[in-house]
Amino acid sequence: MTKKVQHEGIVKSISFQTLDVVIHSHSACSGCHAKGACGMEDVKQKIITVPLPEEEIHIGDKVTVYASLDNAFYSVLLAYIIPSILTIAIVFFLEISGNSELMAALSSLILLVLYFIILYLSRNKINKKIKFTVEKQAI
């Protein structure tokens, strides 16, 4: 059995083949008793589009969204690890080759912009690899 990452959410909208689920992601501060006093409270709202399950689901239903652990690692790789390696590598090689720090920094930023544009243009291919499932929560 593969391990899964799960998040609870609420169905926002339903289309013919998919549904949009609103997930509230909390920072580490959200469980702290002093979060209101320090002003560091951080709650972000994310919308995940998942294939429509076989069970009947309505707008406003509480659901659990699942993704395999492999999907989570793949997402982290694409969003954080590869861009970090690219940035460090371009700055390192441009510094060694005698270019200025400003040129190295600007080149790494341009490379990151190009990387994320390519990632955006490849989103349909990535969506085929990263699969989410949804299950209605028992009342």
Side-chain angles (χ1 to χ4, degrees):
M1 180 175 177
T2 60
K3 293 185 179 181
K4 295 191 177 221
V5 177
Q6 68 183 42
H7 291 283
E8 293 181 0
I10 298 173
V11 177
K12 179 183 178 185
S13 65
I14 300 173
S15 69
F16 181 67
Q17 295 179 340
T18 62
L19 52 94
D20 291 335
V21 178
V22 177
I23 294 174
H24 296 282
S25 112
H26 303 277
S27 71
C29 299
S30 65
C32 176
H33 67 282
K35 67 183 174 190
C38 73
M40 295 300 290
E41 181 179 7
D42 184 25
V43 176
K44 294 181 183 174
Q45 192 177 41
K46 297 178 184 174
I47 298 176
I48 306 252
T49 302
V50 295
L52 198 59
E54 292 181 15
E55 64 184 310
E56 187 174 334
I57 292 182
H58 303 286
I59 294 174
D61 285 350
K62 290 185 178 185
V63 295
T64 303
V65 178
Y66 297 97
S68 73
L69 209 51
D70 294 337
N71 286 343
F73 288 135
Y74 183 67
S75 299
V76 168
L77 178 73
L78 291 177
Y80 299 107
I81 296 173
I82 292 175
S84 298
I85 291 171
L86 286 174
T87 302
I88 293 168
I90 195 76
V91 168
F92 177 76
F93 287 119
L94 288 177
E95 283 284 321
I96 284 187
S97 67
N99 289 303
S100 69
E101 290 178 3
L102 178 63
M103 179 59 88
L106 288 175
S107 296
S108 69
L109 287 176
I110 291 169
L111 181 68
L112 279 179
V113 168
L114 290 174
Y115 172 77
F116 282 110
I117 288 172
I118 291 169
L119 203 61
Y120 177 77
L121 294 174
S122 304
R123 69 187 180 278
N124 291 332
K125 186 176 181 181
I126 294 168
N127 281 341
K128 289 177 184 175
K129 184 159 176 95
I130 298 176
K131 299 286 185 198
F132 292 100
T133 57
V134 68
E135 183 179 282
K136 188 174 180 178
Q137 292 181 358
I139 299 175

Taking the side chain as every heavy atom from C-beta outward, state whether Lys62 and Glu8 have any pair of such atoms under 4.5 Å apart.
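Counting from C-beta outward, Lys62 and Glu8 never come under 4.5 Å.
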Heavy-atom side-chain contact between Val134 and Tyr66 under 4.5 Å:
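In short, these two side chains do not touch, never coming nearer than 4.5 Å.
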Rounded to the nearest 0.5 Å, what separates atom [atom1] in [X] from atom [atom2] in [Y]?
| X | Y | atom1 | atom2 | value |
| --- | --- | --- | --- | --- |
| Thr49 | Lys12 | OG1 | NZ | 9.5 Å |
| Glu135 | Ile57 | CD | CD1 | 9.0 Å |
| Ile88 | Leu86 | CD1 | CG | 10.0 Å |
| Glu95 | Met103 | CD | CE | 11.5 Å |
| Ile10 | Asp20 | CD1 | CG | 13.5 Å |

Taking only residues two or more places apart in sequence, or in another chain, which ones meet [X] in a side-chain hydrogen bond (donor to acceptor under 3.5 Å, both in side chains)?
| X | result |
| --- | --- |
| Thr18 | Ser15 |
| Asn99 | Ser97 |
| Thr64 | Gln137 |

Going by the side-chain hydrogen bond (donor to acceptor under 3.5 Å, both in side chains) test, which pairs reach into residues 102-126, not counting sequence neighbours?
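Sorted pair list comes back empty.
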Sequence neighbours left out, what passes side-chain contact (heavy atoms from CB on, under 4.5 Å) with [X]? Give chain and number order.
| X | result |
| --- | --- |
| Ile117 | Val113, Leu121 |
| Ile14 | Val11, Leu19, Leu52, Ile59 |
| Leu102 | Ser100, Leu106 |

May I ask you to list the residues sharing a hydrophobic cluster with [X], side-chain cutoff 4.5 Å, ordered by chain and number?
| X | value |
| --- | --- |
| Val22 | Ile47 |
| Phe93 | Phe92, Ile96 |
| Leu114 | Ile110 |

Pair listing, salt bridge (Lys or Arg N to Asp or Glu O under 4.0 Å) test, anchored in residues 47-61, at least two apart:
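Checked against salt bridge (Lys or Arg N to Asp or Glu O under 4.0 Å) - neighbours excluded - the pairs reaching residues 47-61 are Asp61-Lys136.
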Which donor-acceptor pairs under 3.5 Å do side chains of residues 75-85 form with protein atoms, sequence neighbours excluded?
unit_1, atom_1, unit_2, atom_2, d
Ser75, OG, Asn71, O, 2.9
Ser84, OG, Tyr80, O, 2.7

